[in-house]
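Take this structure, written in structure tokens, and hold onto it; I'll ask about it next.
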Amino acid sequence: MNQNAIEVADLTVAYRDKPVLWDVDLTVPIGVLMAIVGPNGAGKTTLIKAILGLVSPAAGQVLIYGEPYERQRRLVGYVPQRGSVDWNFPTNVVDVVMMGCYGKLGWIRRPGQQERKMVLEALEKVGMSDFADRQISQLSGGQQQRVFLARALVQDAQIYFMDEPFQGVDATTERAIVTLLQELRAAGKTLVVVHHDLQTVPDYFDWVTLLNVRLIASGPVDDVFTENNLRLTYGGRVAFLKHNGYKEKTNLEQSAKLRGV
Amino acid sequence: MDLLSLFRDLFPDYTLRTVALGSATLGIVSGALGAYAVLRRQSLLGDAMSHAALPGIALAFLITGSKETLVLILGAAAAGWIGTLLIMSIVNTTRVKYDSALGMVLSVFFGFGIVLLTLIQKRPDATQAGLDNFLFGQAAALLERDVITMASIGAIALLAMMIFWKEFKLLSFDPDFGASLGFPMRFLDILLTTLLVIAIVIGLQTVGVVLMSAMVVAPAAAARQWTDRLSLMVVLSALFGALAGISGAMISSTTAHLPTGSTIVLCVSTIVVVSILLAPNRGLAWKWIRSHRNSRKLRLEAVLSDLYLLTQQHKSPEYAHSTSVLRLMNTKQGGVDRSLEELEERGLVRRVDDGKWALTPTGINEAERLTRIYREKNL
């Protein structure tokens, strides 16, 4: 396939006079599981929001499967940051996941039996079947995250944008989410994930974008996730320390492989 | 029609019937739409809207010379709507925060309205009489025609709310996600805000600009106590609004010179207080009972474990210990005697002579079970 999932050209976003994203060019091929990493304030969330048209860019254009986003909405699923909504809202798990159908339903039409079935299937996939009728205010952080993932699954999209899906979840949930993401990639979907833990980037992802207002690098993890690029992204010492941690880990893994473990 | 005739039988008096119907209408509409305002943390927006409506009422009268309800309502709606848009644009284009923008618009519009009202009062003719009733409401002046106007406009607002139910839910819970799905969230925001303006202006004649925000916030706040479902919350909120409207109208009719609007607000406040105290799960009374029950259970368990600990230091498992030792071990605020008596009732401890206590075999089992549970929880 000669088409790309996402093509971003010259994307610039500014809040008031301060640039948050500066002239970002980014190409994401179909079927990759990509991490966006960068320090706080690097514009990771803004990049996703600008691609989705949630913030209006000062300049630049975005193509999804070669066409403007407005025409390709049905191909796109979105998992916002867990903290972006009020979890005390009077509703239950099924109802929130059902919102994933709203786009396909269009105006005014109400969800019916078929949608309910899709919702229950999605909940099954994220291991939340037992919580279908639970009030959302009673969920733990990891469960909230799973509910958001289920809602995105119901969208049945080709490209998924996820804003920090691992934030504040326990190790079990993190494992479950990673497995789910890798299953989606295996099914040919493209995933763009804002990620914070540099240590796990090589384990979880096959593609990575390093961002700090400007695009530092983007490509396969093996080529791009280098000490030099990390230093450019995070600046000096921080990058060095974190990168060392990552190096030790991979060394260990490699020696383990050599020993045939 | 059955409902109407029931209403006729309940309220044989024309004036009271009109006032009660009008108050119920405003209660239903502002209650239902107020639920959204409360959930979207825009409770105070209702206050700003109703205050901002005052100059609209005065201007509508100045321009048309008419005191027709529909004309005044339209004027109020236009001013309330402009005030709200002004608040939104101040927040979006300047560094001024939401609460400050709200305060500024509210006071500036209200002040302007008062100035206009004063000017109108000074005019020599008598046509202006009664316009100042919009400040605190004057339900007795309601005509059947007014109620029909209120009910028709309110019905349109409620119908719109039901048609866009799913979109408004999306707007209230996760607007970013809604926008990513392609719904025009800005438009939906303005639409829902407009419906809220409508809900407010139809109540101004009865309740007045000063107190109207209570009819938006209070029924919804009370309804939230009783349910965890949006649909039920909206319905309950509307019912609470209607209940407050009708009971306020009835109470004020029994006493001379008791203003209807304020009485309605007092009624709705009573509903709020009752809900905050008594609603299941969230109500303060329930919370108090639950925590009381928990702490009593913990106190009993503590005394039982202490006694078990003491017993373990002796060969005989049923060795008796004095209350004073237990009292020393119990670092919390006492109640050891009462706990022991209760444990005795349950057959877990028994009283040995001269104020000493020992575990019964069941008590030993129970204490061992508790110890096991605590140990598992610590792991």
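None of these values were measured; they are calculated from a predicted model. So that the names make sense, note that chain A is the first sequence line, chain B the second, and so on, each numbered from 1.
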Subject >> A/Tyr69: ring pair (Phe, Tyr, Trp, His ring centres under 6.0 Å) partners, not counting sequence neighbours >> reply: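 A/Tyr69 satisfies ring pair (Phe, Tyr, Trp, His ring centres under 6.0 Å) with no residue once adjacent residues are dropped.
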Subject >> Atom CD of A/Glu67 with >12 non-hydrogen neighbours under 6.0 angstrom >> reply: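 Atom CD in A/Glu67 is packed in, count exceeds 12.
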Subject >> Straight-line distance of A/Gln138 CD to B/Asp228 CG, nearest 0.5 Å >> reply: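 Result: 7.0 Å between the selected atoms.
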**OP:** Pick whichever of A/Trp107, A/Tyr78, A/Trp87 has the most heavy-atom pairs under 4.5 Å with chain B.
**Re:**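 Between A/Trp107, A/Tyr78, A/Trp87, the count favours A/Trp107.
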Original post:
Any side-chain heavy-atom pair from B/Asp174 and A/Val85 closer than 4.5 angstrom?
Top reply: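 Counting from C-beta outward, B/Asp174 and A/Val85 do come under 4.5 Å.
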Original post:
Is there any residue in residues 139-161 of chain A with a non-hydrogen atom under 4.5 Å from a non-hydrogen atom of chain B, and which ones are they?
Top reply: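 Contacts with chain B: A/Phe148, A/Arg151, A/Gln155.
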Subject >> Flag if over 12 foreign heavy atoms under 6.0 Å of CH2, A/Trp22 >> reply: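 No, not enclosed.
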Subject >> Heavy-atom closest pair, residues B/Asp176 and A/Lys49 >> reply: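 Distance-wise, the nearest heavy atoms are OD2-NZ, 2.9 Å.
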Original post:
What is the minimum heavy-atom distance between B/Ser172 and A/Phe89, and which atoms define it?
Top reply: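 Shortest heavy-atom contact: CB-CE1, 3.6 Å.
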Subject >> For A/Ile108, all residues meeting side chain to side chain contact (heavy atoms under 4.5 Å, CB included), sequence neighbours excluded >> reply: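 Residues passing side chain to side chain contact (heavy atoms under 4.5 Å, CB included) with A/Ile108: B/Ile163, B/Phe164.
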**OP:** Using a cut-off of under 4.5 Å on heavy-atom pairs, state which of B/Arg229, B/Met162, B/Arg224 scores highest against chain A.
**Re:**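 So the answer, after comparing B/Arg229, B/Met162, B/Arg224, is B/Arg224.
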Original post:
Which region of B/Ser231, side chain (C-beta onward) or backbone (N, CA, C, O), has a non-hydrogen atom less than 4.5 Å from a non-hydrogen atom of chain A, or is it both or neither?
Top reply: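 For B/Ser231, there is no contact with chain A at all, as no heavy atom is under 4.5 Å.
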Original post:
What's the shortest heavy-atom distance between B/Ser180 and A/Arg73, and which atoms?
Top reply: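 Looks like O-NH1, 3.8 Å.
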Original post:
Using a heavy-atom distance cut-off of less than 4.5 Å, which residues of residues 88-96 of chain B contact chain A?
Top reply: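 Residues of residues 88-96 of chain B touching chain A at under 4.5 Å: B/Thr93, B/Thr94, B/Arg95.
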Original post:
If you look at every heavy atom in B/Phe183 and A/Tyr102, which pair is closest and at what distance?
Top reply: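 Of all heavy-atom pairs spanning B/Phe183 and A/Tyr102, the closest is CZ-O, 3.5 Å.
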Original post:
More than 12 heavy atoms of other residues, nucleotides or ligands under 6.0 Å from CZ of B/Arg186: is that the case?
Top reply: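 It does not: B/Arg186 CZ has 12 such atoms or fewer within range.
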Original post:
For the residue pair B/Ala179 and A/Leu54, what are the closest heavy atoms and their distance?
Top reply: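 In this case the closest contact between B/Ala179 and A/Leu54 is CB-CD2, 3.3 Å.
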Original post:
Is the backbone of A/Val96 close enough, under 3.5 Å, to the side chain of B/Lys169 for a donor and an acceptor to pair up by distance?
Top reply: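 No; judged by distance alone, with no hydrogens or angles, the pair does not exist.
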**OP:** Look up atom CD1 in A/Ile136 and atom CZ in B/Phe173, then write down how far apart they are to the nearest 0.5 Å.
**Re:**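 It is 4.0 Å, given to the nearest 0.5 Å.
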Original post:
For A/Lys104, is it the side chain, the backbone, both, or neither that has a heavy atom closer than 4.5 Å to a heavy atom of chain B?
Top reply: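 Contact with chain B involves no heavy atom of A/Lys104 at all.
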**OP:** Identify which part of A/Val79 has an atom lying under 4.5 Å from any heavy atom of chain B, answering side chain, backbone, both or neither.
**Re:**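 Contact with chain B involves no heavy atom of A/Val79 at all.
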Original post:
Which pair of non-hydrogen atoms, one from A/Met99 and one from B/Leu181, has the smallest distance, and what is that distance?
Top reply: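 Here A/Met99 and B/Leu181 meet closest at O-CD1, 3.6 Å.
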Subject >> Greater than 12 external heavy atoms within 6.0 Å of A/Arg175's CZ >> reply: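 Counting other residues, nucleotides and ligands, CZ of A/Arg175 stays at 12 neighbours or fewer.
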